[in-house]
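Residue numbers begin at 1 in each chain, while the letters A, B, ... track the order of the sequences.
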Amino acid sequence: MATKEYAGKMLELDADGNLKNLNDWNEDIAKAIASEEGIVSLTERHWAVINYMRKEFIEKKDAPSIRKLSKESGVDTKELYALFPNGPAKKAAKISGLPKPKGCV
Amino acid sequence: MKNLLILGAGTAGTMMLNKFNSSLNKSEWNITIVDQYETHYYQPGFLFIPFGIYSESDVVKPKKDFFPQGVNVIKAGIDKIEPKANKVKLQNGNELSYDYLIIATGSKIAPTETEGLKGELWYKNIFDFYTIEGALALSNFLKTWQGGKLVINITEMPIKCPVAPLEFAFLADSFFTEKNLRNKVEITYVTPLSGAFTKPKASLLLGNFLERKNIKLVSDFSIAKVDNENKKIISWDEREVDFDLLVTIPTNKGDDAIERSGMGDELNFIPTNKQTLIADGYENIFVIGDATNLPSSKAGSVAHFQADILFKNFVSVMKGEAPSEKFDGHANCFIETGFGKGILIDFNYETEPLPGKFPLPLVGPFSLLEETKMNHYGKMMFKWFYWNILLKGTELPMKSHMSMAGKKL
Ligand SMILES: Cc1cc2nc3c(=O)[nH]c(=O)nc-3n(C[C@H](O)[C@H](O)[C@H](O)COP(=O)(O)OP(=O)(O)OC[C@H]3O[C@@H](n4cnc5c(N)ncnc54)[C@H](O)[C@@H]3O)c2cc1C
C-alpha cells in the first residue's frame, strides 16, 4: 500500500495518490499537499473552497464537481482556475484530503 | 383504480409504458403518459446524418406508433411535479394526480451555458449533432466545405452517449478520406477529460485510434468561452484552440421542469438511488434513463437494462415489499471507428470495459474492445432493434446485469 509523508506524518494514499483516510487530514497537511501541487500559500479564498469541499463530502460522500463548486462555494469558475490551476475540482479535492471526484462515465 | 403516470415518451418512457401495459391488470390500473412532442427521434442516428449516411427519414417515426391501445396519452408540456402532493401540473393548466410516478424526461443540450457558443457563428461555423436541427445543418455545411481546422469539443461531462463525440471524429476522418479532402482537414479532439475516454483501458485503446487516424488530442481542456470574431475556443486556464468548423457537444442538462419542481441537482438531473432507481426521498417515484444522476452512461442501452430492474422493483414496492433488484450500471455501446468498422464495449459501475466476446462467451459474434466489421454491422442493426424490439419493451434473451463470461482480465 502506498504511503507518503506529509507534515511529519506517514499517511496512507489511495490509487490516485489522494489521502486514503478522511480523518488523517489537517490544515498543515493541506499546506504540504498544496505546495507539492505548486500552490505556494493557501489564501482565505483557497480555504473557502477547501472547507466547502470537506463539508460537502462529509454530507454527500462525493467530492463536488466544478459546476457545483462554482454554484455553491461562493467562488466562481474563473477564480477556481486561478486558485487551483489545471483541474480545480481534482486538485482542490486532493488538497482537501478527499478522493478524486467520481465525475462521470 | 390506481394511477400510474409516466413523464416523457422518449426511449425510456415508451419502453416502460409498453412493459407496464402488458403486465398490469387493467381493471386496477390507469396508465397515463405525457410528452410535449408527437415525433419520436432515434437519437443514435443523429451521428450519421452529418455524413449523409442517414437522412432525416431514418430517424423519425410518430410516437403514437409505439403507444399500446388502452393507455391515456397526453400531449402537453410538463410544468412541474409536486412530489409531496403526488401531483403533476401541465403547461396547459391541467393537473394530474398519481399513485406512482415514473420520470423519463431525458436530457438535452444547453448551449447558452457557454459564453459565445450560441453567438454569430451558431449554425454557420459552429454546429452540434445532438439535435435533429444541428445534425441537418451540419450535413448541409459539410456538403460544400473545402477543408480547414475541424475542432470537436466536449464542453463538460456528463453527456449522453459519451462515446458519440469520438465516433464523430472517427467518421469525419473516414468521410474526408473518401472525399479526397483528408489532407486539407486538420482534426482536433478537445476534451475536458484527461484522455480520449473515461475508463482507463478503453481510453488507452481509443487514444491509440486517434493517433493512428492522425486526430490531435487536446485533453484537460474546460471551455470557458467561444471567441466568434477570431474563431477560437478559450479554456478557463486561458489556452486557445483555433477552428474553422467547431462541432460542439454543449453542456447536457435535465429538463427545466425538473428545476421548477425543485427535484434536480446543479444540472437538473434527479438524485436517484443507483441500485433501486427510486428517487431519493420519495418512495413512489422512479427515475429512468438520462433524467437520473446515476454515474452510469446516459444511453438507450443503459435505459433498456434499467427498465427490467425498475419493473421488478415497482412490482415489489406495489406489494409493500422492499425493492430487491439492483441495477449494476450495465452499459453496452457500439463505437463506430470509420471505414465500415466498429468496436464494442461492455461495462458497469465496477468493471471497466474488457476484451472478449459478446453476447456469447468465446463465440460472439461481437468482439469486445476490438475493431471489427461485425461490430459495425451491430451498430447499424441497432436501429432496427431500437424501433422493433427496444421501444416495445420486449424481454430479451439477454441479462440486464453485466456478465464476466468470455471476458479476459
Ligand atoms: C448523437 C447521439 C448518439 C447516441 N448514440 C447512442 C448509441 O449509439 N447507443 C445508445 O444506446 N444510446 C445512444 N444515444 C443516447 C440515447 O439516445 C439516450 O440515452 C436515450 O434516448 C435516453 O432516453 P430517455 O427516455 O431517457 O430520454 P429521451 O429519449 O430524450 O426522452 C425524453 C422525453 O421527455 C420529453 N420531455 C422532456 N421534458 C418534457 C416536458 N417538460 N414536458 C413534456 N415532455 C417532456 C421529451 O419530449 C422526450 O420525448 C445517443 C444520443 C445522441 C444525442
- Do other residues, nucleotides or ligands put more than 12 heavy atoms under 6.0 Å from Glu59(A) CD? yes
- Count the heavy atoms belonging to other residues, nucleotides or ligands that lie under 6.0 Å from NZ of Lys225(B), then report whether that count exceeds 12. no
- Message: Taking side chain as everything from C-beta outward and backbone as N, CA, C, O, which of these in Glu352(B) sits under 4.5 Å from a heavy atom of chain A? Side chain, backbone, both or neither.
- Response: neither
- Item | Per-residue contact mode, Thr251(B) against chain A (heavy atom under 4.5 angstrom) | side chain
- Contact residues of residues 64-75 of chain A (partner chain B; heavy-atom separation under 4.5 angstrom): Ser65(A), Arg67(A), Lys68(A), Lys71(A)
- Query: Heavy-atom count around Lys326(B) NZ within 6.0 Å, excluding the residue itself: above 12?
  - Reply: no
- Message: Between Asp220(B) and Lys90(A), does any NZ, NE, NH1 or NH2 come within less than 4.0 Å of an OD or OE carboxylate oxygen?
- Response: yes
- Message: Less than 4.5 Å apart, side chain to side chain, heavy atoms only: is that true for Ser222(B) and Tyr81(A)?
- Response: yes
